[in-house]
Amino acid sequence: MDHGVPQQQHPMEQQQQPYHPQHPAMMRLYEVQKQVESLGPQVCTFSGMQSDRDYKRLERELTRLLLDVDQVDTEGKPELQGARKRAAQEVEGLLRYLEENATHPSRLAIEELSDKARQLIDERVVVPQRSGGVTEIGDDLVDTLQELVLRLTQVKTEGRVPLRKARYRALTRLCAVQDVLEGRTQQQTLSLPLSGETHESVNRINQVMVKVSVARSQLVALLMGLSGRDSCAHLSRILTEMQVELDALDVSGNAAIRNYRKQVVEEINGLLKHLDLEGEGEDTRRYDLAQNNSIREIEAVRAHVSHLREGVLRHCYMGDLSFRPKAELQSLLTHLDQVDTAKNPCIREARRRAVVEVQAIVTFLDLREALVCRQTGPSEHPSHRSVWLVLGSLSDLQAQVLGFDGKRADKSYMMLEELLTKQLLALDAVDPQGDESTKMARKQAVKFAQNILNYLDMKTDEWEY
C-alpha cells in the first residue's frame, strides 16, 4: 500500500527522446539525483519532530537541492524542462513527506503522551533524587505509567514507517522505565542494607548501594530524555566499575553477605540491560510487525477463538447449552501465555487483547451456566433476586457484544452501549438492605457489566500493531 511515500524516479525516466547526458544541465540534474537517493531513505525513516536537529538538517539540504534544480538552465528546451520538473517534483515530494510525518496528528499524540510521561517521571522520580530526597514509588505511579503505555500502543500509525518507529521508540523507553521502577519497588521490600558491624565488606557494599540508587535515577532520566549531560556510555562505565568493585570484595565464609552482594550485582545488571536503547528502533523488524512470528502465532489463536465464539453463539441462539469448549479455551490461554513477546510493547498489547477475547467467551459460558443452574427459594432476599435479574439481561447483552462486528459510529454500537449503561444504573439502584450476599453479588455484577463495556470498546478501537 502506498502511504504517501514519495517514489524516487530518475529525472530521465519516461522521457521519450533522451537529451545528451553530457549536457551541463543534465549533468547537474544527475548530481541532484544522487543526493536525492542518499537523502530519500533518511527522510522516509525520520521519526522525529520539526524541532529536531535532524529534521532541520534534512529540510535544509532538500531546500538547497530544490534551489539547485531551480537554477538549472534548460535553454528553453522541452526535454531539459521536463527533466528539471521531474527532479523538482521528487525533491518537493520528500519535503512534503518529511513535514507530513513530523506534523501528523498521530505523531503529535505520541509526543504529547511522551511529554506527560516525562513530566510524571521528572516530578516523582528524578527531582526528588537530585535534591537528596527519597523517591516514593507507589502503585499509583506504576498504574499511571501503564495507562500511558496502553494509550501509546493505541495510537494509529496508518502503516507509515516514521510513525511506527516513533511509537515504538516511545514505548520501549517507557517500558524500560517501568522495569527499572518495578525493580526498585521490589528492592524496597528487602531488609537491606545490612549493618556494617556484621562484616567489614558490608560498608563497601552499602556505599555501592547508594551509588546504584543515584545511577537508577540517572538511567530513568536518560531513558525519558531528561538528562542533558549524561550519556548511556558514561553511565555504563560507572555501573561496570561498581561491578568490578563488588567482585573484588572478599565475602567468603558468610552466606548472608554473599547473598547481599549478589542482590546488588543483580540490581546493577538490571540497569545495564536498559543502556542499549540509543539504537533501539532502527531495526524495522522491531516495529513493523506484519511478518513477526509471535504476531502470526497470536493471530492464529485469534482465528481459532473466532471460530469457537461463532460456535458458542450459534448453539446459544438455538437454546443448546451443551457446546462448552472451556477446556479448549483454557488451552488457548496457556498458549498465549507462552508466546514470546521479546519485551516488545506492541506484541504484549496484541497478546493482552487476544487474552481478553478468550476470557470474554469463558465468562459468558460461566454466567449462562450459572443462570441455568440457579435455584430460587422463598428465603432468597428480594434485592439478591433483583441482581440476578440484571445478570440475566447482561448475559443477553454480552451475547450481542460477542457477535458485534461494527464500528463506534454504528447505531447498534450506541444501542448496546446505552443498554449496558442502563444495567449499571439498575445495579446502582439495588438496595442490599444490609444483606452481605447481595452486596457481594451486586459488586460482581457491576464488574461484569464494566468488563462487557470495556470489551465492546476494545472491539471497536481499530487498534493496529
Side-chain angles (χ1 to χ4, degrees), residues 2-11 27-72 83-115 117-118 152 155 157-174 221-235 275-288:
D2 183 1
H3 293 285
V5 181
Q7 299 296 313
Q8 297 181 17
Q9 288 184 316
H10 197 286
M27 292 292 290
R28 181 61 193 130
L29 290 175
Y30 278 123
E31 291 175 13
V32 169
Q33 176 64 23
K34 288 181 181 179
Q35 294 179 63
V36 167
E37 289 174 352
S38 174
L39 291 173
Q42 298 177 54
V43 170
C44 293
T45 57
F46 175 76
S47 60
M49 305 290 290
Q50 285 183 308
S51 57
D52 292 355
R53 182 185 304 172
D54 279 344
Y55 180 94
K56 294 176 180 178
R57 175 184 62 81
L58 289 168
E59 184 182 45
R60 184 171 57 251
E61 293 185 21
L62 288 169
T63 302
R64 176 183 56 78
L65 285 179
L66 200 57
L67 291 173
D68 287 350
V69 171
D70 190 55
Q71 291 172 359
V72 170
R84 184 178 68 176
K85 181 179 179 180
R86 287 190 293 275
Q89 288 174 336
E90 186 169 358
V91 178
E92 289 169 349
L94 287 175
L95 271 169
R96 186 166 55 253
Y97 190 70
L98 179 68
E99 182 181 4
E100 284 176 357
N101 287 305
T103 60
H104 193 282
S106 292
R107 184 63 187 88
L108 299 179
I110 293 168
E111 192 65 17
E112 181 183 356
L113 291 169
S114 298
D115 283 342
R118 278 191 286 269
L152 272 170
V155 172
T157 65
E158 300 177 1
R160 290 172 176 253
V161 169
L163 297 181
R164 284 183 180 273
K165 184 176 177 181
R167 184 181 67 174
Y168 179 74
R169 289 171 68 88
L171 280 167
T172 50
R173 279 154 178 73
L174 195 48
L222 274 169
L223 291 171
M224 299 307 296
L226 296 168
S227 176
R229 293 177 299 173
D230 298 326
S231 69
C232 287
H234 174 68
L235 186 55
L275 284 172
D276 59 352
L277 286 178
E278 287 191 332
E280 184 67 47
E282 296 302 327
D283 183 357
T284 58
R285 291 174 298 178
R286 294 292 291 167
Y287 53 84
D288 190 5

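Side chains included, hydrogens not; waters and symmetry mates left out as well; all remaining heavy atoms used.
Taking OG1 of T45 as the reference point, atom CG of N101 lies at 10.5 Å (rounded to 0.5 Å). Note that CG of L65 is 6.0 Å distant from CG of L39, once rounded to the nearest 0.5 Å. Of the inter-residue distances, the one linking R84 atom CZ with Q71 atom CD reads 10.5 Å to the nearest 0.5 angstrom. A distance of 12.5 Å separates CZ in R60 from OH in Y55, rounded to the nearest 0.5 Å. Distance check: E90 CD to L66 CG gives 11.5 Å after rounding to the nearest 0.5 Å. Distance check: L62 CG to L94 CG gives 5.5 Å after rounding to the nearest 0.5 Å.
Between R64 and D68 there is a salt bridge, since at least one side-chain N of the basic residue sits less than 4.0 Å from a carboxylate O of the acidic one.
At a threshold of 4.5 Å between non-hydrogen side-chain atoms, the residues E99 and E59 do not count as touching. At a threshold of 4.5 Å between non-hydrogen side-chain atoms, the residues T63 and V91 do not count as touching. Between P162 and Y97 the shortest side-chain heavy-atom distance falls below 4.5 Å. Residues E61 and Q35 have side chains not in contact (no heavy-atom distance under 4.5 Å, counting atoms from C-beta outward).
Taking all atoms of both residues into account, the shortest heavy-atom contact from A83 to L29 is CB-CD1, 3.7 Å. Minimum heavy-atom separation, A166 to I110: O-CG2, 3.9 Å.
For the side-chain hydrogen bond (donor to acceptor under 3.5 Å, both in side chains) test, residues two or more places apart in sequence or in another chain that qualify with Q42 are R57. Partners of D70 according to the side-chain contact (heavy atoms from CB on, under 4.5 Å) rule, which considers only residues two or more places apart in sequence or in another chain, do not exist here. When the side-chain contact (heavy atoms from CB on, under 4.5 Å) test is applied to A221, the partners found at least two apart in sequence or on another chain are V126, R130, L226, S227. Not counting sequence neighbours, the partners of E31 by the salt bridge (charged side-chain N to carboxylate O under 4.0 Å, His left out) test are R28.
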Side chain to side chain contact (heavy atoms under 4.5 Å, CB included) between L174 and M224, worked out: CA-CA 7 Å; L174 195 48; M224 299 307 296; 4.2 Å; yes
CA sep, side-chain torsions, deciding dist, call: R160, E100, side chain to side chain contact (heavy atoms under 4.5 Å, CB included): CA-CA 11 Å; R160 290 172 176 253; E100 284 176 357; 3.7 Å; yes
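Applying the salt bridge (charged side-chain N to carboxylate O under 4.0 Å, His left out) definition to pairs two or more places apart or across chains, those involving residues 101-113 are R107-E111, E111-R118, E112-K116.
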